[in-house]
There are 2 protein chains.
Amino acid sequence: MKGNTKERIIESAKQLFADQGYQKTTIMDISRQAGLSDAALYEYFRGKEDLLIAIPDLWVRELLEDLDEQLFGIKGAANKLRKFLWWYIRRVEHAPLDAKIVYLHLKTNSNFLANEVYSNVKRLYSYILDIIEEGRSSGEFRADLMPNLARDVFVGTMDHLVTRWLLKDRSYSLFDNLENIFDIVMDGFKSNPSSGNRRTHETIPLAAEADVQGSEKC
Amino acid sequence: MKGNTKERIIESAKQLFADQGYQKTTIMDISRQAGLSDAALYEYFRGKEDLLIAIPDLWVRELLEDLDEQLFGIKGAANKLRKFLWWYIRRVEHAPLDAKIVYLHLKTNSNFLANEVYSNVKRLYSYILDIIEEGRSSGEFRADLMPNLARDVFVGTMDHLVTRWLLKDRSYSLFDNLENIFDIVMDGFKSNPSSGNRRTHETIPLAAEADVQGSEKC
DNA sequence: ATAATTACCTAATGTTATTAGGTTGATTAA
DNA sequence: TTAATCAACCTAATAACATTAGGTAATTAT
């Protein structure tokens, strides 16, 4: 047909991989859903693995292109990290199938590290490192905060949220409580202005809300 | 031979899965390394997937048994979390093949959530939740710290460290910088004793965080 | 001693990824 | 115009596995 065959294959594969998993999806499943024979698929991709990698490759590339623009004009390291998180989480929510493949099916693959997807993901995360370094030299973050470790905390938390959301079949919004989680992480980063802590307004006489755990704050 | 056939199979599978990945390891690889025919393996396991799950199942069960004892007698939530982290990281370093299967090859599997391994991992993590709750009610942690979110930060960071270490072929020690990372996370948890902060030896003249705008509730 | 059971085996069977080797119809080169 | 090339497919192998069928020989139970 037209030149959209490759896209049809990718779209079919994306759905099927995310839905049934990589192993349980057959080439026949994919080529049939794309309206082709098995053999024809091999005109577009070297094989099943190649196809698996092609999907997130495209997505991560898009992310990378968008990121600069998103952060443009935002002042302050904490604000930038915040923007990064909100932006990323929204992208994940809008492309859950791509995210699922990246988070659940790609790490399994031995070629992952050698792959371009991986280096692009690293580039994405290196933005975080830069922001943290900026925050440290401006004094917004603690002077003794090691940037690479702070990045590990940030990325680790973020990835954990996404992974669990995907495993739980995205049955809730990723934005639930995002604000609070971000605050917890940031509290570990920020300088301690020897007084007036943003969060000390409660200073509960403790023991009071022993068992409150669902709905918090205010 | 003796009654150790099942163990031999598990040991072979563990090595091969961790080394070549689940997909690229064949039943023949495993049964041959265990000194058996393919068919004999099916006397011990229902199939390849069943075998994959049997490995971490055993490991996680052991972890769970050991944990109570490890935490016994430790006072204070932060100290308990510290002990948990150090204990867990050491267990991972001592059983990297099991860890690799849990972290890289298991999530892929669609049966994972329905599986007992998953519920045991959850039970492991629920200890963390309990400790954090204890820390909050004792006043050691901030009163407005939502325990489940704090757990996400803790677990997320921990899992991130382990995952990267595994992906990088365990080419360094997981304990490098563990102390510093732990401190960063704890700083987000702990109450701010309106003075004398452990890390404030720098006490930057602030002014840098003039532009904090992030829609701060309350 | 005989029946049942254990711990294996070899040889199918069926599913899949991948390849060989076309066909068809359009485009280009002579 | 006609012959050659190429693109975009196809059907039908091939070969690698996972899994099953059906058997054997040795051990254990009755």
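As the structure is a prediction and not an experimental result, all values here were calculated from the model. The sequence lines fix the lettering, A, B, ..., with proteins before strands; numbering per chain opens at 1.
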Rounded to the nearest Å, what distance is computed from the [atom1] atom of residue [X] to the [atom2] atom of nucleotide [N]?
X: B/Gln23; N: C/dA17; atom1: CD; atom2: P; value: 11 Å
X: B/Met28; N: D/dT19; atom1: CE; atom2: P; value: 15 Å
X: B/Leu52; N: D/dT19; atom1: CG; atom2: P; value: 12 Å
X: B/Ile30; N: D/dC17; atom1: CD1; atom2: C1'; value: 12 Å
X: A/Phe45; N: D/dA8; atom1: CZ; atom2: P; value: 14 Å
X: B/Asp38; N: D/dA21; atom1: CG; atom2: C1'; value: 14 Å
X: B/Lys24; N: C/dA17; atom1: NZ; atom2: P; value: 15 Å
X: A/Lys48; N: D/dC17; atom1: NZ; atom2: C1'; value: 13 Å

Among D/dA18, C/dA17, D/dC9, the one nearest A/Thr5 by side-chain distance: D/dC9

Options D/dC10, C/dC9, C/dT18, nucleotide nearest the side-chain atoms of B/Ala39: C/dC9

Heavy-atom closest contact (B/Leu149 atom, A/Asn180 atom, distance): CD1-CB, 3.3 Å

Stepwise salt bridge (Lys or Arg N to Asp or Glu O under 4.0 Å) test for A/Lys80 and A/Glu134: CA-CA 10 Å; A/Lys80 279 184 185 150; A/Glu134 175 199 323; 2.9 Å; yes

Salt bridge present between B/Glu133 and B/Arg151 (N-O < 4.0 angstrom): no

Between B/Asp50 and B/Tyr44: side-chain donor-acceptor atoms closer than 3.5 Å: no

OP1 or OP2 of D/dC9 under 4.0 Å from side-chain N/O of A/Tyr42: no

Residue whose nearest DNA chain C nucleotide is more 5′ - A/Glu43 or B/Leu36: B/Leu36

Touch class at under 4.0 angstrom, heavy-atom based, for A/Thr25 against every strand present: sugar-phosphate

Sugar-phosphate, base or nothing in reach of B/Thr26, heavy atoms under 4.0 Å: sugar-phosphate

B/Phe189 and B/Phe154 aromatic ring geometry - parallel, tilted or perpendicular at 30°/60° bounds: tilted

